[in-house]
Amino acid sequence: MNNSPILQDLNPAQAEAVSAPAGNQLILAGAGSGKTRVLVHRIAWLIQQQRISPYAIMAVTFTNKAAREMRGRIEELLGLNPRGMWVGTFHGLAHRLLKAHWQDAKLPQNFQILDSDDQLRLVKRINLALQLDEERWPAKQSQWFINHQKDEGLRPDYIQSHGDPHQETLVRVYRAYEEACQRGGMVDFGELLLRAHELWLNNPLLLAHYQERFPFILVDEFQDTNTIQYAWLRVLAGDKCSISAVGDDDQSIYGWRGAKIENIQRFTLDFKDVQTVKLEQNYRSTANILNAANAVIENNSGRLGKTLHTDGDDGDKVSLYAGFNEQDEARFIVERIEEWQRKGKFLGDCAILYRSNAQSRILEEALLREAVPYRIYGGQRFYERLEIRNALAYLRLTLNRDDDAAFERVINTPTRGIGGKTVDGIRLFAREQGCSMWQAAQAMVENKGLTPRAGSAVDSFLQLVNGLDEQSEDLSLERIADMAIKATGLIEFHEKEKGEKGQARVENLQELVNACRTFVTADEEISPLQEFLDGAALDAGESQADEFEDAVQLMTLHSAKGLEFPVVFMAGVEEGLFPHRMSAEEPGRMEEERRLCYVGITRAMQKLYICYAESRRMYGSETFNKVSRFVKEIPDKLIEEVRIKSTISRPVSYGGGYGNAAQSRTRLGGGKVAGRLSDDGGDTGLRLGQRVRHKKFGEGTILHFEGNKIQINFEEVGTKWLISGVKLDPV
DNA sequence: AAGATAGTCGTTTTT
DNA sequence: CGACTATCTT
């Protein structure tokens, strides 16, 4: 075989996949089997060994993060930037195509991307226009319906209602929604894919051009493709392209949002001469962990059949801990983490994984109590924040006045005396005239179709946006953003907000200006602002502050896919929670839960703890759950049950039961006596400004009380938020 | 137009 | 239970 450096350090299966001749290939890559490595090496192989131009290669991923990582690793391996190669998400690439061929796609050149929040608002407006009662026709449901249809590649005309009136109404909403989008030049996420697909179908010459250009396409996480993504690829590939589909049917966990695990099998039928390679050697986990994972996933039917193996040691057994309740579970986890830390290891080696976000609070509190730094993944992203979305809406309006979503968002933000009535009037007029709200507002101001007061308020809004646009003319992106947050009064608006919130919002707005300053444009053809806004919609900005602090990682099992950690805690592994009760009925759903469990187990490199709570407070009432069926699927010999040592297992301090003096006192202390809460923490005996000592952070001064948290400015470690229950000694 | 209050609902999430 | 929303009140 070839002794190229690109094949060095690859096992036979990996090398086979990397050096395969041109043609379609399916790479079934088990967890921890070096999937990304194979993908990146395959690209390097094509470029260096086969002398394929980077221009001829397209690599598709699902997340921006994955796309960035791939690009980075190719660059690292090749020692140069593979210019001309297309690497991106399905949505990002579709967007790129639509931008380049906007006329063929029947879109305005400056079309805007509608995110799910805008989409929901728009659906609500459609409901109003169609006089559909929110009660019977929840916008959320219609939104889900529309997105689902688009994922399946269906336009309203192609949906079979079979006379079902409910379905017919939803189709009506879908149709009206589409018209509104087209009128406003707005494209939602599903539409990007659908349009890009139609772009191929309607423009054979264009398709031929791209088919010629991209004889090599690589797709990551193939098991996550949905119907429209698959169709898009299928058409683009034609019958001459070499597709490398990389995926793992056992890690398909997004069926609930339209991913079709069957696409993997379908691939071998639809594409000719598919060579299948299985990567079954795992380089990540100990044998015990891997065997546990294998034992669980074996219970699924219809697998493509892969069994991971490792050359590594058995390692520790999987520890199973039965917590008395969720507090006890959290306490156990934090103790183990502190143990790890005492051995001089990194906190960042530890991950706590859970099924649902609601579980994070208890864990967070336990970590806070012990002052263990942590970082939660997921949650609200930067560009989803209210204040940021408002600022972006102004910027969007400067580029496209017909963007109704943006118009509605900021016409009265900050408040400028335009009430609901006025907005209703504008909306109605726009609907009657079949024009955008901006145009309607303009006409109404001119024709004096508004009360004098409302008229002048609306006019000043119109002038504000026009002014922003004019002044943006030859300013840098940073200056435009800076001007926008100031001239619109958004900064002022949030400064006046009381509490921490306003402060944080002002900071976020400044951060937005900062983001504009560091934004690097890539496309000469379109304005930097347009490019920035598109980027904001397509990549919600995952990077977070405090990224460099050594901290325990908390996230859902879903967001853990693709990651690995030396120590993993799976929390709440109970029937009803994991597998979730919502997935209990359908067998398909249950198998997906099992795959999720498989994903969780295989995140662990050295040590896996599985935890559950015998009793757990859910929705206010106490529930008693059994240990998850998945735990029972793991052979006993791989598990070691952790015995409760001399711990506080009495439920006294955890509510429930009776005679809970501490709790009733809190309620009395914090309830009626108005004013007290603002300058002290209830019955804790702590006051604002008081000097206290914390066992890890040392001495500090109390700055704030908010809810169940205390903010303290520590001499040595700076300002921190702690949970009220934390031990603090007055100094 | 802010603030209070009643009512609802309760997986997973990227783009 | 508690976060979030929709609606009502001043």
Side-chain angles (χ1 to χ4, degrees), chain A residues 60-67 88-95 113-120 124 134-135 138-140 144 147 150-151 187-194 196 221 224-226 228-229 252-259 326 353-362 377-381 383-384 386 412-422 457 493 496-498 534-542 555-562 572 576-584 589 592-593 595-597 599-600 616-623 655-656 663 707-708:
Chain A
V60 197
T61 63
F62 275 84
T63 66
N64 291 295
K65 194 176 154 204
T89 62
F90 276 100
H91 297 269
L93 297 175
H95 178 248
I113 298 166
L114 207 63
D115 67 27
S116 45
D117 188 66
D118 290 328
Q119 189 185 35
L120 185 65
K124 280 186 179 162
E134 264 286 327
E135 197 93 324
K140 273 251 166 66
W144 184 88
N147 288 336
K150 290 193 178 189
D151 282 348
V187 171
D188 62 43
F189 293 128
E191 186 74 23
L192 285 169
L193 302 171
L194 197 46
E221 307 278 17
D224 288 339
T225 52
N226 64 28
I228 188 70
Q229 286 161 338
S252 160
I253 54 175
Y254 287 109
W256 53 275
R257 65 175 195 210
E326 74 274 19
L353 311 181
Y354 36 81
R355 176 66 237 264
S356 73
N357 285 309
Q359 288 170 256
S360 73
R361 222 194 70 229
I362 302 288
Y377 284 76
Q380 217 189 20
R381 275 174 295 276
Y383 292 115
E384 279 170 12
L386 178 103
N412 199 33
T413 313
T415 46
R416 53 173 67 82
I418 301 171
K421 276 241 175 76
T422 309
F493 179 65
K496 276 190 280 189
E497 242 179 335
K498 51 189 167 192
D534 290 339
L538 284 173
D539 184 1
E542 282 167 68
M555 68 192 82
T556 61
L557 287 152
H558 282 89
S559 11
K561 193 171 81 159
L577 190 57
F578 187 32
H580 200 277
R581 61 175 59 69
M582 303 298 270
S583 304
R589 291 262 124 147
E592 184 155 310
E593 295 277 321
R595 292 192 291 268
L596 190 55
C597 184
V599 166
R616 180 181 297 271
R617 255 190 128 66
M618 289 177 88
Y619 310 141
S621 52
E622 197 155 36
T623 55
Q663 269 211 342
N708 59 343

Enquirer: From CZ of R361(A) over to P of dC1(C), roughly how many Å is that when rounded to an integer?
Expert: 12 Å
Enquirer: Whole angstroms only, please: what is the CD-C1' distance between Q380(A) and dC4(C)?
Expert: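 About 13 Å, once rounded to whole Å.
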Enquirer: Grab the CD-P distance between Q359(A) and dT11(B) for me, whole Å please.
Expert: 11 Å
Enquirer: Using the six-membered base ring of dT11(B), report whether H580(A) stacks on it, requiring centroids under 5.5 Å and planes under 30° apart.
Expert: yes
Enquirer: Can you tell me if the side-chain N/O atoms of N357(A) get under 4.0 Å from OP1 or OP2 in dT13(B)?
Expert: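 For N357(A), the contact criterion (side-chain N or O under 4.0 Å from OP1 or OP2 of dT13(B)) is met.
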Enquirer: Which whole-number value in Å describes the distance from R257(A) CZ to dT12(B) C1'?
Expert: 9 Å
Enquirer: When you measure from the side-chain N and O atoms of N64(A) to the phosphate of dT14(B), is any distance below 4.0 Å, counting only OP1 and OP2?
Expert: no
Enquirer: Can you tell me how far P of dT14(B) sits from CG of N147(A), to the nearest Å?
Expert: 15 Å
Enquirer: When all nucleic acid strands are considered with a 4.0 Å heavy-atom cut-off, which category describes R595(A): base, sugar-phosphate, or nothing?
Expert: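 Here R595(A) touches no strand at all.
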Enquirer: Ignoring backbone atoms, test whether T415(A) places a side-chain nitrogen or oxygen under 4.0 Å from the OP1 or OP2 oxygen of dA2(B).
Expert: yes
Enquirer: Which residue, G417(A) or T556(A), contacts DNA chain B at a nucleotide closer to its 5' end, judged by nearest heavy atom?
Expert: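 Residue closer to the 5' terminus by nearest nucleotide: G417(A).
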Enquirer: Can you tell me the distance, in whole Å, between the OH atom of Y377(A) and the P atom of dT12(B)?
Expert: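 Taking OH of Y377(A) and P of dT12(B), I get 19 Å after rounding.
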Enquirer: For dT14(B) and R381(A) - does any side-chain N or O of the residue sit under 4.0 Å from the phosphate oxygens OP1/OP2?
Expert: yes
Enquirer: Output yes when at least one side-chain N/O atom of S116(A) is less than 4.0 Å from OP1 or OP2 of dT14(B), else no.
Expert: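 False: S116(A) side-chain N/O out of range (4.0 Å or more) of dT14(B) OP1/OP2.
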Enquirer: Describe the nucleic acid contact of F62(A) in one word from base, sugar-phosphate, nothing, applying a heavy-atom distance below 4.0 Å.
Expert: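 The residue F62(A) makes sugar-phosphate contact but no base contact.
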Enquirer: Among the candidates dT15(B), dT11(B), dA1(B), find the nucleotide nearest to the side-chain atoms of N412(A).
Expert: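 Nearest nucleotide to the side chain: dA1(B).
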Enquirer: Starting at atom OH of Y619(A), determine the distance to atom P of dC9(B), rounded to an integer number of angstrom.
Expert: 12 Å
Enquirer: Does K140(A) put a side-chain nitrogen or oxygen below 4.0 Å from OP1 or OP2 of dT8(B)?
Expert: no
Enquirer: Quick one: does N147(A)'s side chain get under 4.5 Å of F189(A)'s, heavy atoms only?
Expert: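 No. Closest side-chain heavy atoms not under 4.5 Å.
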Enquirer: Roughly how many Å apart are dC4(C) and dT13(B), using the P atom of each and rounding to a whole number?
Expert: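 dT13(B) and dC4(C) have their P atoms separated by 15 Å.
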Enquirer: Please classify the nucleic acid contact of K421(A) as base, sugar-phosphate, or nothing, using heavy-atom distances under 4.0 Å.
Expert: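 The answer is nothing, as K421(A) stays clear of every strand by at least 4.0 Å.
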Enquirer: Quickly work out the E592(A) CD to dT12(B) P distance and round it to whole Å.
Expert: 14 Å
Enquirer: Any side-chain N or O of S559(A) below 4.0 angstrom from OP1/OP2 of dT13(B)?
Expert: yes
Enquirer: Mind listing the closest non-hydrogen atom pair of G600(A) and L557(A) along with its distance?
Expert: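 That would be CA-CD2, 3.6 Å.
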Enquirer: Just do the salt bridge (charged side-chain N to carboxylate O under 4.0 Å, His left out) check on K561(A) and D224(A) with the steps written out, would you?
Expert: CA-CA 12 Å; K561(A) 193 171 81 159; D224(A) 288 339; 2.7 Å; yes
Enquirer: Can you tell me which nucleotide in dC1(C), dA2(B), dT13(B) comes closest to the side chain of R617(A)?
Expert: dC1(C)
Enquirer: Kindly give the heavy-atom pair with the smallest separation between R595(A) and I253(A), and that separation in Å.
Expert: C-CG2, 4.1 Å
Enquirer: Among dA6(C), dT15(B), dT11(B), which nucleotide sits nearest the side chain of E593(A)?
Expert: dT11(B)
Enquirer: Please tell me which of the listed nucleotides, dT15(B), dT11(B), dT12(B), lies nearest to the side chain of T89(A)?
Expert: dT15(B)
Enquirer: Quick check on dT15(B): is either OP1 or OP2 less than 4.0 Å from any side-chain nitrogen or oxygen of Y254(A)?
Expert: no
Enquirer: Is a salt bridge present between R589(A) and E592(A), judged by a nitrogen-to-oxygen distance below 4.0 Å?
Expert: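 No salt bridge links R589(A) with E592(A).
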Enquirer: Just wondering, do M618(A) and L577(A) contact through their side chains at under 4.5 Å, heavy atoms?
Expert: yes
